[in-house]
Amino acid sequence: MLGIKVQQVAHQLVIRWQFSKVEIPICDITSVTLDDTYGGSELSAVRIGAAYGASQTILIRTTNQSYILFTSNEALFPKISDLVSSTAN
């Protein structure tokens, strides 16, 4: 199973997992945090990745939707945080 891939394309954060592609405008992102709950604290959030076996749960909040990323890639959270903070400046 392939892991979650994240990259910045223009002013969008593009998240790919398996055959899914989610594009989030970076200007809409309000926060990026680690979520310490197993299934994610927000019930209405879009869940990306497999919850079982994931060592990190990343919560991305936007102005109109939340996204929960289940991953074992510990470099993903700093990468997303850096992309969001560098674009905000």
Side-chain angles (χ1 to χ4, degrees):
M1 184 181 302
L2 300 174
I4 297 172
K5 306 270 191 259
V6 174
Q7 65 181 7
Q8 180 180 351
V9 176
H11 296 289
Q12 301 224 353
L13 182 69
V14 179
I15 303 168
R16 292 178 182 267
W17 180 65
Q18 293 183 340
F19 296 112
S20 300
K21 178 180 175 184
V22 177
E23 296 177 346
I24 305 170
I26 293 178
C27 62
D28 289 352
I29 297 175
T30 58
S31 68
V32 179
T33 58
L34 290 174
D35 190 340
D36 60 353
T37 62
Y38 174 73
S41 59
E42 297 206 14
L43 298 178
S44 63
V46 173
R47 286 160 170 73
I48 302 169
Y52 58 88
S55 59
Q56 281 192 340
T57 305
I58 302 169
L59 174 62
I60 301 173
R61 284 192 174 103
T62 68
T63 54
N64 54 9
Q65 181 69 55
S66 294
Y67 302 87
I68 298 175
L69 281 59
F70 299 102
T71 183
S72 295
N73 182 354
E74 307 233 345
L76 200 57
F77 175 69
K79 179 179 181 179
I80 296 170
S81 296
D82 289 346
L83 287 174
V84 171
S85 64
S86 67
T87 307
N89 294 332

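Side-chain atoms are counted along with the backbone in the values below, which use heavy atoms only and exclude waters and symmetry mates. We're numbering straight along the sequence, starting at 1.
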Out of curiosity, Phe77 CZ to Thr33 OG1, how far, rounded to the nearest 0.5 Å? 6.5 Å

Cluster question for you: counting only ILVMFWY and a side-chain heavy-atom cut-off of under 4.5 Å, with indirect links fine, are Leu13 and Val22 together? yes

Locate the shortest heavy-atom distance separating Ser66 from Glu42; write the atom from each residue and the value. OG-OE1, 2.8 Å

So CZ of Arg16 and CD of Glu23: to nearest 0.5 Å the spacing works out to 8.0 Å

Do Thr30 side-chain atoms and Arg61 backbone N/O form a donor-acceptor pair below 3.5 Å? yes

What's the spacing between Lys5 NZ and Lys21 NZ if we round to 0.5 Å? 15.0 Å

What I'd like to find out is whether the side chain of Ile4 reaches to under 4.5 Å of the side chain of Asn73, using heavy atoms alone. no

Search all heavy atoms of Glu74 against all heavy atoms of Ser55 and return the closest pair with its distance. OE2-OG, 3.4 Å

To the nearest 0.5 Å, atom OG1 of Thr57 lies from atom CG of Leu34 at 8.0 Å

Do Tyr67 and Val32 sit in one hydrophobic cluster, given that two such residues count as connected whenever their side-chain heavy atoms are within less than 4.5 Å of each other, even indirectly? yes

Could you see if Leu83 belongs to whatever hydrophobic cluster contains Ile48? Use Ile, Leu, Val, Met, Phe, Trp, Tyr and a side-chain cutoff under 4.5 Å. yes

Side chains of Asp35 and Thr37 only: does a donor on one sit below 3.5 Å from an acceptor on the other? yes

Can any side-chain N or O of Gln8 pair as donor or acceptor with the backbone N or O of Ile80 at less than 3.5 Å? no

Does the Ser72 side chain pair with the main chain of Gly53, one donor and one acceptor, at a distance under 3.5 Å? yes

CD1 of Ile24 to CD1 of Ile15: how many Å apart, nearest 0.5 Å? 4.0 Å

Co-membership, hydrophobic cluster, residues Phe70 and Leu76, 4.5 Å side-chain: no

Any side-chain heavy-atom pair of His11 and Cys27 under 4.5 Å: no

What about Val84 and Val6, same hydrophobic cluster or not, with Ile/Leu/Val/Met/Phe/Trp/Tyr joined at side-chain heavy-atom distances under 4.5 Å? yes

Which distance, rounded to the nearest 0.5 Å, do you find between the CD1 of Ile60 and the CG of Leu69? 5.0 Å

